[in-house]
Protein chains: 2
Amino acid sequence: MESRELRYFVAVAEELHFGRAAERLGIAQPPLSRAIQQLERRLGVDLLERTSRAVTLTKAGSVLLREGRAALDAVEAADRRTRRAAKPHPGLVLVTKAGSAGELLARLLDAYAADPFAVTVDVQLCGVGEQERMLRDGRADVALLHLPFDSTLGFDTEELHTENQLAILPRGHELLSRPHVKMADVTDLPGLPLPRWPDHVGVYADGPGPKVRDTSQLYQLIALGRAAAVLPESCRTHLRSDLAAVPVLDAPKVTTVIAWPPHSRSQALAALVRTATLL
Amino acid sequence: MESRELRYFVAVAEELHFGRAAERLGIAQPPLSRAIQQLERRLGVDLLERTSRAVTLTKAGSVLLREGRAALDAVEAADRRTRRAAKPHPGLVLVTKAGSAGELLARLLDAYAADPFAVTVDVQLCGVGEQERMLRDGRADVALLHLPFDSTLGFDTEELHTENQLAILPRGHELLSRPHVKMADVTDLPGLPLPRWPDHVGVYADGPGPKVRDTSQLYQLIALGRAAAVLPESCRTHLRSDLAAVPVLDAPKVTTVIAWPPHSRSQALAALVRTATLL
DNA sequence: CGGGATCGATACCTGTGAGGTATCGATCCC
DNA sequence: GGGATCGATACCTCACAGGTATCGATCCCG
């Protein structure tokens with residue numbers, strides 16, 4: 001199986017439309033139709049059910065969609081990591097969610113700088129759920145993930161830190177007089193709904209609550225008295241002065257882990273992980 | 001990057017010889033030379049240093065060898081799993097080392113057969129270190145691995161069982177009179193060296209000790225008074241009558257884990273894992 | 001019910017490039 | 001210094017990826 005065939009199939013399987021998939025791939029529709037037919041013939045497997053009105057995945061087709069995405073990520077990773085390895089000073093790309101782990105990351109980078117194997121660390125901040133993809137397709141070498149929000153499936157990890165969560169409220173809110181609250185106290189505050197975050201493709205779940213893309217948007221909404229939030233307690237160090245926090249006893253604990261692709265072999269990465277575990 | 005280019009490069013990088021690599025790939029040498037040159041040009045990276053006498057990998061080349069192998073395994077897995085998914089009764093392929101985990105595996109298969117999501121389980125036995133490869137390239141769906149011997153890098157796992165190890169000796173050996181021994185007692189027994197096992201490519205490490213490929217060879221050598229061995233205590237249930245065992249106090253504990261590719265999604269596999277953890 | 005719109009498949013053409021053979025040039029070995 | 005080894009180059013050929021035009025089926029709507 002050629003990776004070109006996989007790219008074509010994944011495009012069609014995602015769009016469920018030959019015309020749009022062809023446009024996305026920058027080719028005409030007929031060669032795409034033929035390529036998919038040929039792939040099906042070579043595999044001896046029907047991947048798509050097509051009528052002239054709709055295209056749907058067969059069972060085998062959805063297996064190939066999942067496996068094919070993983071394979072294409074691996075191929076892209078091979079490409080990117082090879083290019084990077086050839087640069088005079090390769091460095092490491094560390095990726096983490098914007099607005100999280102500031103304190104921990106700063107300490108990590110400081111401590112790492114003293115290591116004899118240290119190389120330049122390029123810190124990239126990205127949106128929700130994007131880190132795993134970046135590790136998989138070679139755009140990043142190592143990530144700071146936050147359980148239970150992020151998935152560590154397929155990566156090696158070391159736990160770095162576990163913390164409780166706080167309810168973040170506008171300064172002066174009545175709940176702030178309490179020493180601590182429960183999740184039930186903050187999930188249905190009148191006029192202060194919890195925000196919604198986009199998933200990995202940028203789509204928001206249905207339901208109440210304002211849509212937010214980053215913490216600065218969120219903080220502003222809370223300050224305006226339009227939302228509340230539950231965040232890890234490390235956010236306290238950089239909380240705006242017009243916001244305040246109170247511990248939430250029964251919120252899930254947040255664990256920060258350092259994660260990397262399992263077959264990584266660089267001394268620079270090994271040193272970074274070692275540094276992180278010794279923090 | 002096309003998977004054909006990766007296959008070509010991996011062949012050359014493994015053989016370090018264009019002629020042999022071409023033969024292995026079933027093509028002539030000149031097109032292979034050109035394909036590698038073109039790959040280097042497209043990547044903008046030197047992958048190989050060649051003189052007319054020797055071919056060696058550059059740093060970037062060894063990165064591409066490692067990443068390329070992983071990517072090719074993923075592509076092959078996509079192919080195989082898709083074909084299997086299209087069969088009327090897909091079933092699961094479980095792989096484990098020959099001669100290990102007999103008892104546990106039998107109990108697992110028994111318990112699983114009662115599960116409502118159960119499908120046919122095809123048990124494959126394989127050599128040392130081959131299981132990880134089979135999980136990665138789609139020949140297997142799930143494996144029983146034994147820590148610390150096998151690597152679980154890149155897989156999801158659940159621990160099933162931990163056991164101590166025994167020294168296996170010819171019946172009547174003087175050490176058998178003791179209630180237990182230490183590793184130091186068995187590593188240098190006169191005339192009874194510990195055996196050597198092949199690594200994942202079938203190569204034996206240098207050193208003393210007979211080369212063995214499976215446990216039946218090993219048992220025969222021990223019975224002949226030519227070797228000793230340290231094995232997990234579960235081997236006791238099927239030990240030959242001309243052998244005997246004594247616990248080794250400070251041998252590393254052996255943990256049996258069930259492992260599967262992290263992006264697996266089948267209910268049949270989920271049920272098998274659930275069954276295993278409840279044993 | 002009929003005309004137009006939508007969408008995947010088919011027919012047919014073209015150019016690129018993968019792969020073959022013959023040979024060169026450099027290096028090593030005896 | 002002659003032969004052997006090995007990767008690179010030159011040159012040819014044909015398979016196939018990709019393009020355009022068009023068909024045939026289905027749906028929508030007046």
Side-chain angles (χ1 to χ4, degrees), chain A residues 1-62 64-65 68 71-72 75 78-79, chain B residues 1-62 64-65 68 71-72 75 78-79:
Chain A
M1 178 149 27
E2 288 304 309
S3 46
R4 186 182 47 83
E5 300 178 292
L6 277 182
R7 272 186 283 274
Y8 286 8
F9 174 74
V10 168
V12 175
E14 285 180 352
E15 301 284 348
L16 291 177
H17 189 290
F18 281 75
R20 278 196 300 275
E23 191 180 358
R24 190 174 118 184
L25 292 166
I27 65 172
Q29 171 260 319
L32 179 57
S33 283
R34 260 185 298 126
I36 302 291
Q37 285 174 44
Q38 181 178 329
L39 177 60
E40 287 178 312
R41 208 172 331 117
R42 280 212 262 255
L43 283 171
V45 167
D46 282 347
L47 301 170
L48 300 165
E49 309 272 6
R50 46 289 229 182
T51 70
S52 65
R53 302 307 292 174
V55 175
T56 56
L57 283 172
T58 64
K59 215 163 174 183
S62 50
L64 186 58
L65 175 57
L72 288 175
V75 171
D79 185 315
Chain B
M1 181 148 26
E2 288 305 309
S3 47
R4 186 182 47 83
E5 300 178 291
L6 277 181
R7 272 185 283 273
Y8 286 8
F9 174 74
V10 168
V12 175
E14 285 180 353
E15 300 283 347
L16 291 177
H17 188 291
F18 280 75
R20 278 196 300 274
E23 190 181 357
R24 189 174 120 185
L25 292 165
I27 64 172
Q29 171 259 318
L32 178 57
S33 283
R34 262 185 297 124
I36 302 291
Q37 285 175 45
Q38 182 178 328
L39 177 60
E40 288 178 311
R41 209 172 331 115
R42 280 212 261 255
L43 283 170
V45 167
D46 282 347
L47 300 170
L48 300 165
E49 309 272 5
R50 46 282 231 185
T51 70
S52 66
R53 301 308 292 174
V55 175
T56 56
L57 283 171
T58 64
K59 215 163 173 184
S62 51
L64 185 59
L65 175 56
L72 288 176
V75 171
D79 185 315

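Sequence lines set the chain letters: A, B, ... in the order given, protein chains first and strands last, and positions in each chain run from 1.
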Under a 4.0 Å N-O cut-off, is there an ion pair linking A:Glu40 with A:Arg34?
no

Taking atom P of D:dA17 as reference, at what distance in whole Å does atom CZ of A:Arg7 sit?
14 Å

Is DNA chain C part of any stem, that is, at least 3 consecutive Watson-Crick or G-U pairs with both distances under 3.5 Å, and where?
C:1-30 with D:1-30

I'd like to know if the side chain of B:Gln37 pairs up with that of B:Ser33 as donor and acceptor (distance under 3.5 Å, no hydrogens or angles considered).
no

Run the salt-bridge test on B:Arg7 and A:Glu2 with the 4.0 Å N-O cut-off and return the result as yes or no.
yes

Could you state the CZ-C1' distance from A:Arg41 to D:dC16, rounded to the nearest angstrom?
12 Å

Calculate, to the nearest 0.5 Å, the distance between atoms CZ and CG belonging to B:Arg42 and A:Asp79 respectively.
10.5 Å

Grab the CZ-P distance between B:Arg4 and C:dA18 for me, whole Å please.
5 Å

Rounded to the Å, how far apart are A:Glu5 CD and D:dA17 C1'?
11 Å

Between CG of B:Leu64 and CZ of B:Phe9, what distance do you get to the nearest 0.5 Å?
4.5 Å

Before accepting this row, confirm whether a basic side-chain N of the pair A:Arg4/B:Glu5 lies closer than 4.0 Å to the acidic partner's carboxylate O.
no

Can you tell me how far P of D:dC16 sits from OH of A:Tyr8, to the nearest Å?
15 Å

Look only at the side chain of A:Arg20 and the backbone of A:Phe18, and say whether a donor-acceptor pair between them is shorter than 3.5 Å.
no

Expressed in angstrom and rounded to an integer, what is the separation of A:Arg42 atom CZ from D:dA17 atom C1'?
11 Å

Separation of atom CD1 in A:Ile36 from atom P in D:dA17, rounded to whole Å:
12 Å

May I ask you to say what A:Gln38 touches in the nucleic acid, namely base, sugar-phosphate or nothing, with a heavy-atom cut-off under 4.0 Å?
sugar-phosphate

When rounded to the nearest 0.5 angstrom, what is the spacing between CG in B:Leu47 and OG1 in B:Thr58?
5.5 Å

Summarise protein proximity over nucleotides 6-11 of chain D in one line of letters, 5' to 3': B for base, S for sugar-phosphate only, - for none, counting protein heavy atoms closer than 4.0 Å.
SBBB--

Is any side-chain heavy atom of B:Glu49 closer than 4.5 Å to a side-chain heavy atom of B:Val55?
no

